[in-house]
Amino acid sequence: MSAGGGSSARREPSLHQLRLLLVLAEELHFGRAAARVYISQPAFSQQIRSLEQRLGVVLVERGGPAVRLTAVGQSIVEEARTVVDALARLRQTADRHAGAARGLLRIGSLGAEAAMPYAQAILAHLRGEHPDLEIEVRNLTFTDMFSTLLGGEVDAAFLRGPLPGGIQSLHLASETRVVCLPADDPLADRDTLTLGHLADRVVVDMPPEVPRSWWNHLTVNPRPDGTRVRFGPVVRDTEAMVLAVTQGRAITFLPAAARRLYPRTGLIYVDCPELGLSTAELAWLPGKRDEPAVSALREAARLTVRQCDGPVRDSASEA
């Protein structure tokens with residue numbers, strides 16, 4: 001059965017019409033389909049009729065708001081999906097070569113990493129250069145900081161090293177690390193501490209989801225003399241970590257910026273040169289490296305680091 005008035009009425013269908021057909025094929029209801037694409041039901045129905053006229057076939061059996069695809073309609077839907085997917089791939093290829101970044105970029109942030117000066121500078125540059133790119137920043141905990149990235153739930157992440165295998169990164173900044181002590185600890189009034197001073201202190205621990213090598217590195221376990229760190233309460237994020245210290249249950253080690261980011265009554269931060277440096281990294285998976293949005297983020301990060309004449313240092317690290 002022909003829906004058109006002859007070959008003179010037939011024209012090429014528009015991409016918009018094909019997309020509407022795919023929505024209708026999923027909903028099988030004109031009202032719900034129209035609501036999904038934010039147009040009125042009459043306007044939606046008219047676009048489907050126009051598509052039928054252009055193709056010269058009937059695509060749907062009408063009997064009120066609910067519809068059923070005809071046999072030819074089902075075949076056309078499959079072809080329409082192929083066309084729409086092919087065009088999406090074409091645009092991705094073009095964007096990759098043109099350096100255009102559009103759509104949604106999901107960036108993970110371990111605790112307050114996205115609030116650090118280098119991260120803020122990177123995001124500001126990215127928004128300025130790519131106004132069509134939607135940026136979503138998601139907070140990550142110790143438990144999911146690596147798994148979220150490895151599982152593709154975020155496209156890139158602001159993390160702290162060392163990073164596990166399978167992840168690429170750009171080094172953003174380095175800063176000293178400090179000891180986080182309860183304010184009433186006998187060592188809290190010292191200007192500087194050594195690992196020897198802390199030999200009998202219990203240190204907060206990480207959940208089993210966190211790579212043991214990561215936390216051992218950051219807690220210097222074992223210590224240079226071979227002794228093992230005594231671990232205590234398990235924490236899943238930085239807020240829980242500083243709370244455990246405030247309650248006198250353990251101590252911990254944090255980047256020096258914690259003085260500014262996590263000031264708490266009952267906490268004292270003390271320098272400990274033997275802890276070494278904390279490294280801030282922008283991380284991504286190799287498979288996402290050249291996606292337009294991730295590539296734009298990487299470029300923004302490189303330019304930010306270069307403009308600051310090397311890795312950006314937080315002002316707290318200079319205290």
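Just the heavy atoms: all of them, side chains too, but no hydrogens, waters or symmetry mates, feed the values below.
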| query | Counting distance only, does the side-chain N/O of D144 pair as donor-acceptor with the main-chain N or O of S147 below 3.5 Å? | reply | no
| request: Mark yes or no for whether T70, through its side chain, and L59, through its backbone, hold a donor-acceptor pair below 3.5 Å. | output: yes
| message | Under a 3.5 Å distance rule, please check whether R201 uses its side chain to pair with a backbone N or O of I251 as donor and acceptor. | response | no
| Taking atom CD of E274 and atom OG1 of T194, what is their separation to the nearest 0.5 Å? | 5.5 Å
| Sole residue of D191, L193, T192, D189 in side-chain contact (heavy atoms from CB on, under 4.5 Å) with V270 | L193
| field | Student check: side-chain heavy atoms of F253 and M241 closer than 4.5 Å | value | no
| Test side-chain contact (heavy atoms from CB on, under 4.5 Å) applied to L20 and L51, step by step | CA-CA 10 Å; L20 294 185; L51 176 60; over 6 Å; no
| Can we say R230 and D205 salt-bridge, meaning some charged N sits less than 4.0 Å from an Asp/Glu carboxylate O? | no
| task | Decide, yes or no, whether a salt bridge links R264 with E239 under the criterion of side-chain N to carboxylate O below 4.0 Å. | result | yes
| message | So V245 and L267, do their side chains get closer than 4.5 Å, heavy atoms only? | response | yes
| task | State whether the side chain of T304 and the backbone N or O of A300 hold a donor-acceptor pair below 3.5 Å, judged by distance alone. | result | yes
| task | Could you grab the distance from atom CG of L303 to atom CZ of R306, nearest 0.5 Å is fine? | result | 5.0 Å
| query | Do the side chain of R302 and the main chain of L170 share a donor and acceptor less than 3.5 angstrom apart? | reply | no
| message | So D225 and L195, do their side chains get closer than 4.5 Å, heavy atoms only? | response | no
| said: Using 0.5 Å steps for rounding, measure from the OG1 atom of T238 to the CG atom of L261. | reply: 9.5 Å
| request: Please determine if E175 and R160 form a salt bridge, counting it only when a charged side-chain N lies under 4.0 Å from a carboxylate O. | output: yes
| Taking the six-membered ring for Trp, are F30 and F44 parallel (under 30°), tilted (30 to 60°) or perpendicular (over 60°)? | perpendicular
| request: Establish, from distance only, whether the side-chain atoms of Q17 and S50 form a donor-acceptor pair under 3.5 Å. | output: yes
| Do L172 and I122 have side chains that get closer than 4.5 Å, going by heavy atoms? | yes
| Is any side-chain heavy atom of E52 closer than 4.5 Å to a side-chain heavy atom of V60? | yes
| Donor-acceptor under 3.5 Å (Y269 side chain, L254 main chain) | no
| request: Scan side-chain atoms only and decide if R236 and T141 contain a donor-acceptor pair under the 3.5 Å cut-off. | output: no
| said: Using only atom types and a distance under 3.5 Å, with no angle test, would you say the side chain of D155 pairs donor to acceptor with the backbone of R106? | reply: yes
| message | To the closest 0.5 Å, what do you measure between CD (E134) and CZ (R127)? | response | 10.5 Å
| field | Short side-chain to backbone donor-acceptor contact, S109 and A114, under 3.5 Å | value | yes
| request: For residues L181 and R190, determine if any side-chain heavy atom of one lies less than 4.5 Å from a side-chain heavy atom of the other. | output: no
| Side-chain heavy atoms of V179 within contact of H197, under 4.5 Å | no
| request: State, yes or no, whether a side-chain contact exists between M145 and L149 at a heavy-atom distance under 4.5 Å. | output: no
| query | If you count the non-hydrogen atoms of other residues, nucleotides and ligands that lie under 6.0 Å from CZ in R68, is the total more than 12? | reply | no
| Main-chain N/O of R223 paired with T227 side-chain donor or acceptor, under 3.5 Å | no
| In terms of the angle between their ring planes, are F146 and W214 parallel, tilted or perpendicular, with boundaries placed at 30° and 60°? | perpendicular
